[in-house]
Amino acid sequence: MNKEQYLSKLNQYLCKLPQEEKHDIISEIELHFTESYKKNRTDEEIIQGLGAPKKLASSFLLEYDINRLGPNDTWLKHLNMIFKMIGLGFKNLILLPVFFAIGTFIFSLFLFVFCLYLLGGLLVITPVVKLIAPMLVNTAGIPIILLPIGGVFILYFTRNCHKMMNLITKKLYTFLLKYIKVDLQTIQNLV
Amino acid sequence: MNTQFKKGILDLCVLSILHNEDCYGYDIVNKIMNYMAISEGSIYPLLRRFKKDHLVTSYLKESIEGPPRKYYKLTDEGEIAYEKLMDDWSAFQSSINQLITENRKEQ
């Protein structure tokens, strides 16, 4: 990696910062290169001394920690933070019932899958039941052989639905965890 | 005891250097490197933080050898922070030394 590549990567990783700050940082690091050249250091040496561009960028981002309140911050910034926290509270007030509703819906889908399993299973064992206790079975004109076949199809179909449900639920769960983490992080940063 | 001490050590070094005289970034890096191995990149974020917390100010000074250099200078607040960190460091040093000597005696 040469100086230009390093600086451009650094620029990339600093994209979260306002233009002026980013520019300031990049020019200071560029100065570091310039001074190093006077001592006849190569780009490689300089870059090794500075560390990986991503790491350097993150150490800048850490120090700059935009959301953290400091004692020197204006009262306006404090007010801003308070509003952000209130906003967070309201957002969750609305979103949590929505999450809950989705959860309930997912649960009912699982119940439905369970019922389908039951149905499939019953259809499959129908011929057996017909042999043991013919009074219990009323096929309503449908040839007895079709029922277990239908049952197998239903079971196969249900199994796939079940697998898909599991996948969706897992994804939703991961998303929910990430969401909670982000909110907790925001609160942590605000305070 | 200042529990943030590990983080503060570099702070102390930089403040101490600037207390002595105004320096430009690369110079500060080199001065510290004479005494300990650090990541050269760690100084610049630190200087930015100092500037944001009003502990230092910067100014450009023309240099014959090339582009103008960005010099850093301690503010009054910076001097106060320096004094406080020096006190913390002395207290920390003496506590640790005390602990070490006490434990040496027991043998």
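Sequence lines set the chain letters: A, B, ... in the order given, protein chains first and strands last, and positions in each chain run from 1.
- Note: the hydrophobic cluster containing B/Val14 does not contain B/Ile80 (ILVMFWY, side chain heavy atoms under 4.5 Å, direct or indirect links).
- Heavy atoms of A/Ser27 lying under 4.5 Å from chain B are absent altogether.
- Residue A/Leu96 is grouped with residue A/Tyr179 when hydrophobic side chains (ILVMFWY) are merged at heavy-atom distances under 4.5 angstrom, including chains of intermediate members.
- Counting heavy atoms from C-beta on, the side chains of A/Glu35 and B/Val29 never come closer than 4.5 Å.
- Within 6.0 Å of NZ on A/Lys91 lie more than 12 heavy atoms contributed by other residues, nucleotides or ligands.
- Residue A/Val113 is grouped with residue A/Leu109 when hydrophobic side chains (ILVMFWY) are merged at heavy-atom distances under 4.5 angstrom, including chains of intermediate members.
- Taking a cutoff of 4.0 Å between a charged side-chain nitrogen and a carboxylate oxygen, B/Lys51 and A/Glu21 do not qualify as a salt bridge.
- Residues B/Ile43 and A/His32 have side chains not in contact (no heavy-atom distance under 4.5 Å, counting atoms from C-beta outward).
- Looking at every heavy atom in both residues, B/Asn30 comes nearest to A/Lys39 through ND2-NZ, 3.3 Å.
- Applying the 6.0 Å contact sphere to CD of B/Gln93 captures more than 12 heavy atoms from other residues, nucleotides or ligands.
- The hydrophobic clustering, which links ILVMFWY residues whose side-chain heavy atoms are closer than 4.5 Å, places B/Leu12 and B/Met33 together.
- Within a 6.0 Å radius of OH in A/Tyr173, other residues, nucleotides and ligands contribute 12 heavy atoms or fewer.
- Using a 4.5 Å cut-off between heavy atoms, A/Ile25 contacts chain B through both its backbone and its side chain.
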Evaluation steps, salt bridge (charged side-chain N to carboxylate O under 4.0 Å, His left out), between A/Arg41 and B/Glu40: CA-CA 14 Å; A/Arg41 294 174 84 193; B/Glu40 295 168 36; 2.9 Å; yes
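- With rounding to the nearest 0.5 Å, the separation of OG in B/Ser42 from NZ in A/Lys55 is 9.5 Å.
- Taking all atoms of both residues into account, the shortest heavy-atom contact from A/Leu31 to B/Pro67 is CD2-CG, 4.3 Å.
- We find the OH-NZ distance between B/Tyr26 and A/Lys38 to be 10.0 Å, quoted to the nearest 0.5 Å.
- Hydrophobic cluster membership is shared by B/Leu85 and B/Ile96, with clusters built from Ile, Leu, Val, Met, Phe, Trp and Tyr side chains linked at under 4.5 angstrom.
- Note: B/Arg49 CZ to A/Ser59 OG = 11.0 Å, rounded to the nearest 0.5 Å.
- Neither the backbone nor the side chain of B/Asp27 comes within contact range of chain A, judged by heavy atoms closer than 4.5 Å.
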